[in-house]
Amino acid sequence: SARLPTLAENPSWSAGAAGPTTNRPYLSWDYISSRSNGGSNEYNDLTFQLKVKSKELPGTSTYDLAHAITNAEGSIGDYNFTSEIGNKPSDAFNINLDRGSQLEIPTQRWVTSLDYSSPFGRDGRFGHNLPRALQAIAGGWDLFGILTLSSGHHLTPYSSWNTSGIESPATNRADRVSGKDPNSGPGTVAQWFNTAAFSTAAFHTGDTTNFLGRVGNAPVGSVIGPGFFDLDLSLRRNFAIREGWKLALLGQAKNVLNHPNLSDPYLYADDPVNFGRIFGVRPGSTRTLIVGGRIEF
């Protein structure tokens with residue numbers, strides 16, 4: 001919301017004076033806040049899916065090539081797209097100034113799931129041809145698995161310099177440096193993307209803000225963050241207790257390989273020491289083991 005001068009600050013803006021009064025009919029209002037920016041979202045994808053129908057090993061493998069564009073996530077994107085109010089737009093009169101790739105929808109995503117049941121149990125394909133002792137050892141096993149791979153988030157470097165002159169501005173994007181590819185960086189935790197592709201030099205002279213009358217021109221979502229790899233497994237063993245009763249022992253492992261899924265890099269362009277660095281892994285992505293059991297009847 002832009003702050004206009006008060007009558008005390010500009011006495012010429014009095015009732016009956018020609019000019020600015022016509023654009024400011026409520027002279028005692030300091031600023032106006034809005035809870036709606038009229039944003040929109042566009043989503044398109046190309047999906048390939050393979051299904052395997054088998055009694056012992058059914059599975060599904062799905063690949064998505066997605067293109068999600070929005071102008072509703074504010075000036076630098078939003079990890080919570082469905083929030084009630086959302087982030088402030090860079091310019092309430094030009095919502096498409098913030099149009100860019102939706103932050104958390106990856107361009108590429110591949111998910112494969114498998115469900116394996118041992119064919120050697122009492123109800124398996126080979127169960128009737130095995131000794132009862134071998135049936136008890138080799139039968140009753142179920143293995144479930146989900147493998148997920150995806151490209152990274154669409155990210156936007158930002159600055160705290162208020163170059164637009166608005167009293168309570170949205171977070172300002174950095175400027176894009178011509179001829180520099182932001183995603184040609186080394187891809188390491190020390191520097192994930194090409195930080196030389198962004199600049200805030202025009203935003204200030206020393207400690208003095210340069211009021212440019214504009215925001216940074218870096219596109220929303222121009223940096224691709226680290227990808228995601230996750231293999232989840234669940235192993236279940238059924239034991240017959242009596243007719244209609246069985247004991248099920250379960251073991252589950254999220255990210256069973258403990259693959260380090262890196263968090264998004266530091267995007268604050270005013271901090272040249274840490275700009276582009278990665279300081280950890282995604283929340284909830286470390287290996288988690290669960291063991292349990294239940295009686296079914």
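Throughout, numbering of the chain's residues begins at 1 and tracks the sequence.
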Checklist entry - Which distance, rounded to the nearest 0.5 Å, do you find between the CG of Asn217 and the OG of Ser199? => result 9.5 Å
Checklist entry - Just by modelled atom types, is the Gln108 backbone N or O under 3.5 Å from a matching donor or acceptor in the Ser150 side chain? => result no
Checklist outcome for this item: By side-chain contact (heavy atoms from CB on, under 4.5 Å), Lys51 pairs with (sequence neighbours left out) Gln49, Thr60
Checklist entry - Between Asn255 (side chain) and Ser285 (backbone), is there a donor-acceptor pair under 3.5 Å? => result yes
Next on the checklist: Is there a side-chain contact between Tyr79 and Asp264 in this structure, where contact means two heavy atoms from C-beta onward sitting under 4.5 Å apart?
Outcome noted: yes
Next on the checklist: Starting from Ile146 and following side-chain heavy-atom contacts under 4.5 Å between hydrophobic residues (I, L, V, M, F, W, Y), which residues can be reached?
Outcome noted: Val111
Checklist entry - Is Phe229 isolated, or which residues cluster with it under the ILVMFWY side-chain rule of less than 4.5 Å, directly or via members? => result Leu46, Phe48, Tyr63, Leu65, Trp110, Leu147, Leu149, Leu231, Leu233, Val256, Leu257
Checklist entry - Between the side chain of Asn71 and the main-chain N/O of Ser40, is any donor-acceptor distance below 3.5 Å? => result yes
Item to check | Criterion side chain to side chain contact (heavy atoms under 4.5 Å, CB included) on Ser75 and Val220, from CA distance to verdict | outcome: CA-CA 7 Å; Ser75 59; Val220 174; over 6 Å; no
Checklist entry - Under 3.5 Å, is there a donor-acceptor pair linking the side chains of Asp45 and Tyr43? => result yes
Item to check | Derivation and outcome, ring pair (Phe, Tyr, Trp, His ring centres under 6.0 Å), residues Phe275 and Phe193 | outcome: CA-CA 9 Å; Phe275 186 41; Phe193 58 91; 5.3 Å; yes
Item to check | Among Asp78, Asn41, Thr70, the one residue meeting side-chain hydrogen bond (donor to acceptor under 3.5 Å, both in side chains) with Gln102 | outcome: Asn41
Next on the checklist: List the residues meeting side chain to side chain donor-acceptor pair (under 3.5 Å) with Asn183, not counting sequence neighbours, and say none if there are none.
Outcome noted: none
Checklist entry - Hydrophobic clusters join Ile, Leu, Val, Met, Phe, Trp and Tyr when side-chain heavy atoms are under 4.5 Å apart, directly or via other members; which others share one with Phe203? => result Trp161, Leu212
Checklist entry - With no hydrogens and no angle check, do the side chains of Asn162 and Ser164 hold a donor and an acceptor under 3.5 Å apart? => result yes
Checklist entry - With sequence neighbours left out, what residues match Arg236 under salt bridge (charged side-chain N to carboxylate O under 4.0 Å, His left out)? => result Glu296
Checklist entry - Counting distance only, does the side-chain N/O of Asp115 pair as donor-acceptor with the main-chain N or O of Pro58 below 3.5 Å? => result no
Checklist entry - Can Phe228 be reached from Leu262 by stepping across I, L, V, M, F, W or Y side chains whose heavy atoms are under 4.5 Å apart? => result no
Checklist entry - How does the hydrophobic cluster around Leu97 look, that is, which other residues are in it when side-chain heavy atoms under 4.5 Å mark a link? => result Val215
Checklist outcome for this item: So the salt bridge (Lys or Arg N to Asp or Glu O under 4.0 Å) pairs with at least one residue in residues 170-197 (sequence neighbours excluded) are Asp98-Arg173, Asp175-Arg214
Checklist outcome for this item: Taken in chain and number order and not counting sequence neighbours, the residues that satisfy side-chain contact (heavy atoms from CB on, under 4.5 Å) with His154 are Ser101, Thr107, Ile224
Item to check | Backbone of Gly280 reached by a side-chain donor or acceptor of Ser263 within 3.5 Å | outcome: yes
Next on the checklist: Quick one, Val281 and Asn261 - any side-chain contact, counting heavy atoms below 4.5 Å?
Outcome noted: no
Next on the checklist: Would you say that Arg99 contacts Glu42 through its side chain, given a criterion of any heavy-atom pair below 4.5 Å between the two side chains?
Outcome noted: yes
Checklist entry - Who passes side chain to side chain donor-acceptor pair (under 3.5 Å) against Arg109, sequence neighbours left out? => result none
Checklist entry - Do the non-hydrogen side-chain atoms of Ser222 and Phe198 ever get within less than 4.5 Å of each other? => result yes
Checklist entry - For Phe93, what residues pass the ring-ring contact (aromatic ring centres under 6.0 Å, His included) criterion, not counting sequence neighbours? => result none
Checklist entry - Nearest 0.5 Å, what's the NE2-CD1 distance between His153 and Ile105? => result 10.5 Å
Checklist entry - What side-chain hydrogen bond (donor to acceptor under 3.5 Å, both in side chains) pairs are there with at least one residue in residues 267-279, not counting sequence neighbours? => result Ser159-Asp270, Ser160-Tyr268, Ser160-Asp270, Tyr268-Asp270, Asp271-Asn274, Asn274-Arg277
